Amino acid sequence: MSVVRYARRGPVAVVTMDRPEYRNAQNSAMTYALDEAFYRAAADDDVRVVVLAGEGPHFSAGHDIGTPGRDAGVTFERRAGLWWDHVGKQGAESRLARESEVYLGMCRRWRELPKPMIAMVQGACVAGGLMLAWVCDLIVASEDAFFADPVVRMGIPGVEYFAHPWVMPPRVAKELLFTGDRMPARRAYEVGMVNRVVPRADLEAETLALAGRIAAMPRLGLALAKKAVNQAEDLQGMHAGMDSAFGLHHLAHAHNAETGADPLGGMDARSMRAAADGS
């Protein structure tokens, strides 16, 4: 079964993550399926706007760190860079090669898709889910949505696509990281990370209406406006800062592997969720 669905709604392409039984946890199969869908939307002259959605009650609970479909040891055709295949390598060499491709590399590619992208977020948008929402140009969230990057509990300084200080004020980013707490949609709107908060029942209609308004604008104008803002973020240090944070991220993985049982600091999806719930 496909883990990503693609549909056209007039000039809008709707790309939907489809692993609701696992809160749309992102395995490699999903990552490469998303890449195919975004390529398809970019190449279709009739598509003006892309909406990224998650099937079921949650947008995405993040990277797959423990479902039966976890495929971290599987080879896929590499798309995001020139690092060699991680499969069959050991330690930091394997982790760095894989995460340079499927995490940081893919997200950077998707951020540059020359058509506006809107994340349609409900329920959980956690860790790797944040990365997918943050590569989008706009975020429309339902009132029940929440955002969190709890990986400091693993001893890791944040997810690989470290956009935190650019999508929210630095002190708010530190609070999100230091506590691991969930940020409600309304708070995310207040700090400027989310564009709109709407009732859950209206999420799809409101997102598609916004996408339709944007789709009426000239295609080249939209592409150039997006490029201009992305360039401004990079001039403010986003690209270089992300590289620096990615190095610290892998230092943390290596420390965990050297001093403990695994590079995730002994945490898994169940223990991370229990910590977030306070249980």
Side-chain angles (χ1 to χ4, degrees), residues 3-7 9 11-20 23-26 30-31 33-35 37-38 41-42 47-63 103 106-149 159-164 166-168 176 182-200 202-215 222 226 229-230 233 238:
V3 292
V4 170
R5 301 198 317 270
Y6 184 97
R9 307 280 186 90
V12 179
V14 180
V15 177
T16 305
M17 295 176 282
D18 195 12
R19 297 185 79 203
R23 299 185 175 187
N24 294 316
Q26 305 154 34
M30 177 179 283
T31 301
L34 285 171
D35 197 55
F38 293 147
V47 169
R48 297 299 185 95
V49 180
V50 180
V51 169
L52 176 61
E55 181 63 38
H58 300 287
F59 178 74
S60 176
H63 297 141
Y103 295 158
M106 285 293 195
C107 283
R108 278 180 164 166
R109 278 160 52 84
W110 300 338
R111 174 179 177 252
E112 298 303 323
L113 195 157
K115 296 178 181 180
M117 296 176 65
I118 305 175
M120 183 168 69
V121 177
Q122 79 284 1
C125 183
V126 176
L130 287 176
M131 293 167 50
L132 295 183
W134 287 347
V135 301
C136 295
D137 305 292
L138 305 177
I139 300 175
V140 179
S142 62
E143 292 171 340
D144 69 333
F146 63 88
F147 304 83
D149 187 0
V159 291
E160 296 84 355
Y161 185 80
F162 194 85
H164 308 61
W166 290 273
V167 300
M168 66 187 94
L176 185 81
R182 296 171 175 177
M183 180 185 289
R186 184 58 58 182
R187 174 64 172 158
Y189 173 78
E190 291 170 353
V191 302
M193 191 175 79
V194 164
N195 296 88
R196 300 184 181 185
V197 179
V198 301
R200 177 69 181 87
D202 300 335
L203 178 62
E204 182 175 6
E206 291 282 349
T207 303
L208 292 176
L210 177 60
R213 286 188 60 198
I214 295 170
L222 290 170
K226 175 171 180 170
V229 176
N230 283 2
E233 286 184 317
M238 184 173 177

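If you're wondering where the values come from, they're calculated on a predicted model, not measured in any experiment. Reckoned from all heavy atoms, side chains included, excluding hydrogens, waters and symmetry mates.
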Trainee: Go through it in stages, so that I can follow the logic: the residues are Leu208 and Val14, the test is side-chain contact (heavy atoms from CB on, under 4.5 Å), and I'd like the CA-CA distance, side-chain angles, deciding distance and then a yes or no.
Mentor: CA-CA 9 Å; Leu208 292 176; Val14 180; 4.1 Å; yes
Trainee: Ring pair (Phe, Tyr, Trp, His ring centres under 6.0 Å) with Tyr161: which residues, sequence neighbours excluded?
Mentor: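 Result, ring pair (Phe, Tyr, Trp, His ring centres under 6.0 Å) vs Tyr161: none returned.
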Trainee: Assess the residue pair Glu204 and Arg9 against the criterion (side-chain contact (heavy atoms from CB on, under 4.5 Å)); give the C-alpha distance rounded to whole Å, side-chain angles, the decisive distance to 0.1 Å, and a yes or no.
Mentor: CA-CA 12 Å; Glu204 182 175 6; Arg9 307 280 186 90; 3.0 Å; yes
Trainee: Could you list the residues that satisfy side chain to side chain contact (heavy atoms under 4.5 Å, CB included) with Tyr6, not counting sequence neighbours?
Mentor: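 Side chain to side chain contact (heavy atoms under 4.5 Å, CB included) check on Tyr6 returns Arg8, Ala13, Val15, Ala37, Arg40, Ala41, Val47.
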Trainee: So, do Arg196 and Thr207 sit near enough that their side-chain heavy atoms are less than 4.5 Å apart?
Mentor: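 Answer no - side chains too far apart.
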Trainee: Which of parallel (below 30°), tilted (30 to 60°) and perpendicular (above 60°) describes Phe38 and Trp110?
Mentor: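 If you compare the ring of Phe38 with that of Trp110, the planes turn out perpendicular.
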Trainee: Do Met131 and Val135 pass the side-chain contact (heavy atoms from CB on, under 4.5 Å) test, and can you show the C-alpha distance, the side-chain angles, and the key distance before you say yes or no?
Mentor: CA-CA 6 Å; Met131 293 167 50; Val135 301; 5.7 Å; no
Trainee: Is it true that a side-chain atom of Gln122 and a backbone atom of Gly54 form a donor plus acceptor pair closer than 3.5 Å?
Mentor: yes
Trainee: I want to check something: taking the side chain as every heavy atom from C-beta on, are Leu34 and Gln26 in contact at a cut-off of under 4.5 Å?
Mentor: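 Sidechains of Gln26 and Leu34: no contact.
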Trainee: Would you find a donor on one side and an acceptor on the other, under 3.5 Å apart, between the side chain of Asp149 and the backbone of Val159?
Mentor: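 Flag set: sc Asp149 to bb Val159 pair under 3.5 Å.
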Trainee: Are any of the side-chain heavy atoms of Ile214 and Arg48 separated by less than 4.5 Å?
Mentor: no
Trainee: Evaluate the side-chain proximity of Met117 to Asp137: yes if any heavy-atom separation is below 4.5 Å, no if none is.
Mentor: yes
Trainee: Taking the side chain from Lys115 and the backbone from Ala215, do they hold a donor-acceptor pair closer than 3.5 Å?
Mentor: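 Between the backbone of Ala215 and the side chain of Lys115 there is no qualifying donor-acceptor contact (under 3.5 Å).
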Trainee: Residues in side chain to side chain donor-acceptor pair (under 3.5 Å) with Glu55, at least two apart?
Mentor: Arg5
Trainee: Start with the C-alpha gap between Phe147 and Leu130, add the side-chain angles, then the distance that decides, and say whether side-chain contact (heavy atoms from CB on, under 4.5 Å) holds.
Mentor: CA-CA 7 Å; Phe147 304 83; Leu130 287 176; 3.8 Å; yes
Trainee: Is there side-chain contact between Arg111 and Trp134, with at least one heavy-atom pair below 4.5 Å?
Mentor: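 SC-SC contact between Arg111 and Trp134 ruled out.
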